[in-house]
Amino acid sequence: LASADQMHCFFEEDAVDAEGRLVVSKERAVNKIGHALHDRDPVFGHFSRDPALAELAHDLGCEQPLLMQSMLIFKQPRIGGEVNWHQDASFLATEPQSVIGFWFALENATRDNGCLWAEPGGHRGPLRERYGRTADGLKMERLDDTPWPSPPHIRALEVPAGALVVFDGLLPHASAVNRSAQSRMAYTLHAVDARAVYSPLN
């Protein structure tokens with residue numbers, strides 16, 4: 001919550017030992033920086049507000065794109081952690097659903113270094129979970145019993161550095177651990193349509 005409008009570093013789980021000490025160099029320990037690079041850093045702000053991105057969002061039906069979240073994801077060599085199956089609409093709920101994810105590959109993304117995986121056509125399915133505020137803090141609530149996809153119904157999104165992957169907020173996606181010697185850095189943006197109602201539970 002504290003990082004929502006700031007730039008905070010988050011460590012890889014395997015970067016620290018049981019006593020909380022780093023077991024890798026500091027520059028190799030960071031999992032991601034989030035979640036407001038687009039507001040807090042002028043370089044990321046300029047890139048994130050490129051008119052071409054707004055035009056793309058508009059072409060996809062998001063008539064008034066509003067940037068909500070940005071992350072620099074490192075997927076470090078050897079210790080890059082797994083990202084479980086999820087839908088971005090679970091975290092940035094609007095009515096109607098309007099979240100769009102923009103995923104920029106800053107390095108080659110392959111099966112070896114933890115590329116994205118997605119379920120083709122999965123954006124036509126239901127929202128499975130909802131992550132939101134409760135009286136006790138934050139909670140993931142199961143909304144639908146549809147199982148997460150599994151082989152052979154998933155596809156690896158292997159892309160070269162410089163590629164942009166765009167996906168609907170309902171698209172189930174994930175990424176595996178990175179045990180290779182090559183990092184898989186990416187920059188992600190999430191936008192919603194300002195015409196939609198932004199959930200107070202977000």
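Bear in mind the structure is a predicted one, so any value in this text is a computation, not a measurement. Heavy atoms only: backbone and side chains are in, while hydrogens, waters and symmetry mates are out.
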Would you say Tyr198 and Leu92 make side-chain contact, with heavy atoms under 4.5 Å? yes

Less than 4.5 Å apart, side chain to side chain, heavy atoms only: is that true for Phe91 and Met68? no

Other residues, nucleotides, ligands: >12 heavy atoms within 6.0 Å of Arg155 CZ: no

How far does CD of Glu107 sit from SG of Cys115, to the nearest 0.5 angstrom? 14.0 Å

With side chains defined as the heavy atoms from C-beta onward, is the minimum distance between Gln87 and Leu127 less than 4.5 Å? yes

Mind listing the closest non-hydrogen atom pair of Val177 and Glu82 along with its distance? CG1-N, 3.6 Å

Heavy-atom check, side chain of Leu60 versus side chain of His58, under 4.5 Å: no

Can you confirm whether Arg133 sits close enough to Leu138 that some side-chain heavy atom of one is under 4.5 Å from a side-chain heavy atom of the other? yes

In Å and rounded to the nearest 0.5 Å, what is the CE to CE distance from Met7 to Met71? 13.5 Å

Quick one: does any side-chain atom of Asn113 pair with a main-chain N or O of Asn108 as donor and acceptor, under 3.5 Å? yes

Can you see which heavy atom on His123 is nearest to which on Pro172, and at what distance? N-CD, 4.2 Å

Test item: Leu53 and Phe104 side chains (from C-beta on) under 4.5 Å apart, heavy atoms: yes

Counting C-beta onward and ignoring hydrogens, is there a side-chain heavy-atom pair between Leu66 and Gln64 closer than 4.5 Å? no

Can you measure from SG (Cys9) to NZ (Lys26) and round to the nearest 0.5 angstrom? 9.5 Å

Between CZ on residue Arg111 and CG on residue Leu116, distance to nearest 0.5 Å: 13.0 Å

Short question: side chain of Arg142, backbone of Asp144 - any donor-acceptor pair under 3.5 Å? yes

Under 4.5 Å between any side-chain heavy atoms of Asn31 and Phe11, yes or no? no

So, for Thr94 and Ala196, which heavy atoms are closest and what is the spacing to 0.1 Å? CB-CB, 3.8 Å

Met185 backbone acceptor or donor facing Ser183 side chain under 3.5 Å: no

Look at the side chain of Glu63 and the backbone N and O of Asp193, then say whether any donor-acceptor pair between them is shorter than 3.5 Å. no

Step by step, would you call His35 with Leu1 a side-chain contact (heavy atoms from CB on, under 4.5 Å)? CA-CA 10 Å; His35 292 91; Leu1 288 177; over 6 Å; no

Decide, yes or no, whether a salt bridge links Arg21 with Glu19 under the criterion of side-chain N to carboxylate O below 4.0 Å. yes

Between Gln76 and Arg78 (side chain of the first, backbone of the second, donor and acceptor by atom type, cut-off under 3.5 Å), is there such a pair? no

Using the side chain to side chain contact (heavy atoms under 4.5 Å, CB included) rule, pick out the option among Leu67, Leu56, Thr188 that qualifies with Phe102. Leu56

The residue among Trp85, Trp117, Phe167, Trp148 that forms ring pair (Phe, Tyr, Trp, His ring centres under 6.0 Å) with His173 is Phe167

Please confirm whether the backbone N or O of Val197 pairs with a side-chain atom of Glu95, one donor and one acceptor, at under 3.5 Å? no

Could you report the tightest heavy-atom contact between Ser90 and Glu129, atom names first, then the distance? OG-O, 2.6 Å

Do you know the tightest heavy-atom contact between His38 and Ser70? ND1-OG, 2.7 Å

Determine whether a donor-acceptor pair (N or O, by modelled atom type, separation under 3.5 Å) exists between the side chain of Arg128 and the backbone of Thr146. yes

Taking Arg184 for its side chain and Gly114 for its backbone only, find out whether a donor-acceptor pair lies under 3.5 Å. yes

Tell me whether Asp145 at atom CG has more than 12 heavy atoms from other residues, nucleotides or ligands lying less than 6.0 Å away. no

Does Ser3 form a side chain to side chain donor-acceptor pair (under 3.5 Å) with His8? I'd like the steps, not just the answer. CA-CA 6 Å; Ser3 71; His8 289 184; 4.8 Å; no

If you round to the nearest 0.5 Å, how far is CG of Leu72 from CG of Leu37? 6.5 Å

Roughly how far, to the nearest 0.5 Å, is CD1 of Ile33 from CZ of Phe10? 10.0 Å

Closest heavy-atom pair, Ile100 versus Cys62, reported as atoms and distance to 0.1 Å, is CD1-CB, 3.7 Å

Would a distance-only check, ignoring hydrogens and angles, find a side-chain to backbone donor-acceptor pair under 3.5 Å from Asn178 to Lys75? yes

